[in-house]
Amino acid sequence: MSPSTAGTRGALLQLLFAEVLIGSVGVFVHESGQDAVTAVFYRCLFGGLFLLGWAAARGHLRGLLQDRVLLRGAVLSGVLLVLNWVALFAGMARSSIGLATMVYHCFPFITLILAALAQGERTQPADIAWTLLGFAGVICTSDPAGIYRHADTAQLIGVGLALLAALLWSASLLISRQVGKQRPLALVLIQCWVGVLMLGGFSSASVFHWGLQWMWLIGLGVIHSGIVYVLFYSTYPRLPVVTIVVVAFVYPLVALLLDYWLYGHRLVPIQLAGVALIVAGTLGVNLKWRPRSLRNQALRT
């Protein structure tokens, strides 16, 4: 095995591990017993402390305060990122971890639309078609017939919050992409401390009376805002985009499985069909699938 092949395989295993870890974020939030704002505050606090130590040890803090463009972009994108986490965690509480996570993964479509509207990026007809397919999947995952029969407004609100989270994440991503290409970990570090300043006055004080819940909150920050992002940004440069996009579906898959195994939440057939549509639409957008390329692939097989 050549060194390059071994390096690529190692990066792939690291990325898979990171996606498995991030797939458990909903479980940590649920088991902490805290509301969405409090959970996000401690995610930012413990994640920010971890990243501060990591960045200092690796020399990522040099010249940070002089980089005004990065600081301005990090603060703005950080506000959006923190609000995205709050909306996502609130959506999980009102629907389910698996359903909210799957709906949240329609963000590539929203990013595509925002990039076209705000940054003038050209959108191909095939991308629009894949986007419409993905949004059809979002509608299916909300189980509209079930909501109509049982008047389950909580689930509908949960789906809406997950969609709002996807919108906020997409906006944050577009800003981060412009300012944080060279220093992604420094960007995430600033975003975490923006969250600490934003939510410090709104988090619940009841957390100080909890015992083991502290471990879930520490894990939420250190694992999901610390270790995971270190793994992401250390592996992305060593892997092709196709691999990154495909492996990203480990996250919602792990969330769905954990939601079923731990809490007994299972998806009905229409929701499973919606998941398949979201997966197909996301892959189509990210991998730039076109009818001609699909036909060529079919002929080769």
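For clarity, every value in this text was computed on a predicted model and none was experimentally measured. When reading the values below, keep in mind they use all heavy atoms of this one structure, side chains included, and skip hydrogens, waters and symmetry mates.
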Hits for side-chain contact (heavy atoms from CB on, under 4.5 Å) against A36, two or more places apart or cross-chain, chain-then-number order -> V86, F89, A90
Rounded to the nearest 0.5 Å, the CD1 atom of I113 sits from the CG atom of D127 at a distance of 11.0 Å
CZ of R183 to CG of L189, rounded to nearest 0.5 Å, is 10.0 Å
In short, A166 meets I110 closest at the heavy-atom pair CB-CD1, 3.7 Å
request  = Taking the side chain as every heavy atom from C-beta outward, state whether W169 and L88 have any pair of such atoms under 4.5 Å apart.
outcome  = no
By ring-ring contact (aromatic ring centres under 6.0 Å, His included), F50 pairs with (sequence neighbours left out) none
Applied to residues 189-198, the side-chain hydrogen bond (donor to acceptor under 3.5 Å, both in side chains) test, sequence neighbours excluded, yields S77-Q191, S176-Q191
Report task. Compare all side-chain heavy atoms of F135 with those of I139 and state whether any distance is below 4.5 angstrom. Result -> no
Residue pairs meeting side-chain hydrogen bond (donor to acceptor under 3.5 Å, both in side chains), one or both in residues 98-118, sequence neighbours left out, come to N84-Y104, T111-S170
Minimal heavy-atom distance between L163 and C106, with the atoms involved, is CD2-SG, 3.5 Å
In short, A39 meets L220 closest at the heavy-atom pair O-CD2, 3.4 Å
Please check this pair: side chain of Q271 against backbone of T141, looking for a donor-acceptor N/O pair closer than 3.5 Å.
yes
Exercise for review: Measure up the W214 and Y42 rings against each other and bin them: parallel (under 30°), tilted (30 to 60°), perpendicular (over 60°).
Suggested key: perpendicular
Is it true that L132 and I270 fall in one hydrophobic cluster, defined by side-chain heavy atoms closer than 4.5 Å? no
Here the side-chain hydrogen bond (donor to acceptor under 3.5 Å, both in side chains) pairs for residues 221-232, sequence neighbours left out, are S24-H224, R43-S225
Notebook entry, point to check: When clusters are formed by joining ILVMFWY residues with side-chain heavy atoms under 4.5 Å apart, either directly or through shared neighbours, do F202 and V194 land in the same one?
Noted result: yes
Contacts of L83 meeting side-chain contact (heavy atoms from CB on, under 4.5 Å) (sequence neighbours excluded), chain-then-number -> V79, L168, M198
In this structure, CE of M102 is separated from CG of D259 (nearest 0.5 Å) by 13.0 Å
Shortest non-hydrogen pair, G23 vs L258, comes out as O-CD1, 4.0 Å
Side chains of I227 and L21 in contact at under 4.5 Å (non-hydrogen atoms): yes
Are F17 and Y236 co-members of a hydrophobic cluster defined by side-chain heavy atoms under 4.5 Å apart? yes
Determine whether F232 and E19 make a side-chain contact, defined as any pair of heavy atoms from C-beta on separated by less than 4.5 Å. yes
Taken to the nearest 0.5 Å, the spacing of L52 CG from L185 CG works out to 12.0 Å
Rounding to 0.5 Å, atoms CG (L13) and CG (L231) come to a distance of 11.5 Å
Take H265 and I97, measure what side-chain contact (heavy atoms from CB on, under 4.5 Å) needs, and give me the verdict at the end.
CA-CA 9 Å; H265 294 148; I97 293 171; 6.0 Å; no
Between G195 and C44, the two heavy atoms sitting closest are CA-SG, 3.8 Å
- Y251 side chain reached by V20 side chain, heavy atoms, under 4.5 Å: no
Residues at least two apart in sequence or cross-chain that pass ring-ring contact (aromatic ring centres under 6.0 Å, His included) with Y263, listed by chain then number, are H30
Shortest non-hydrogen pair, V37 vs D35, comes out as N-OD1, 3.1 Å
Under 3.5 Å, sequence neighbours excluded: what are the donor-acceptor pairs made by side chains of residues 62-72?
from, atom 1, to, atom 2, distance (Å)
R62, NH1, G59, O, 3.4
D67, OD1, L70, N, 3.2

query = So, do W130 and L133 sit near enough that their side-chain heavy atoms are less than 4.5 Å apart?
reply = yes
Next on the checklist: I'd like to know if L257 and Y260 are part of one continuous hydrophobic network [Ile/Leu/Val/Met/Phe/Trp/Tyr, side-chain heavy atoms within less than 4.5 Å].
Outcome noted: yes
A side-chain contact here means heavy atoms from C-beta on lying under 4.5 Å apart; do L51 and V230 qualify? yes
Is F109 close to T282 at the side-chain level, that is, under 4.5 Å between some pair of heavy atoms? yes
Taken to the nearest 0.5 Å, the spacing of I223 CD1 from F46 CZ works out to 12.5 Å
Sorted by chain and residue number, the side-chain contact (heavy atoms from CB on, under 4.5 Å) partners of L283 (sequence neighbours excluded) come out as V245, V246, F249, V279, L287, W289
Q) In the single-linkage hydrophobic clustering (I, L, V, M, F, W, Y; side-chain heavy atoms under 4.5 Å), do L239 and L16 co-cluster? A) yes
Residues at least two apart in sequence or cross-chain that pass ring-ring contact (aromatic ring centres under 6.0 Å, His included) with H60, listed by chain then number, are none
Taken in chain and number order and not counting sequence neighbours, the residues that satisfy side-chain contact (heavy atoms from CB on, under 4.5 Å) with A171 are L80, L114
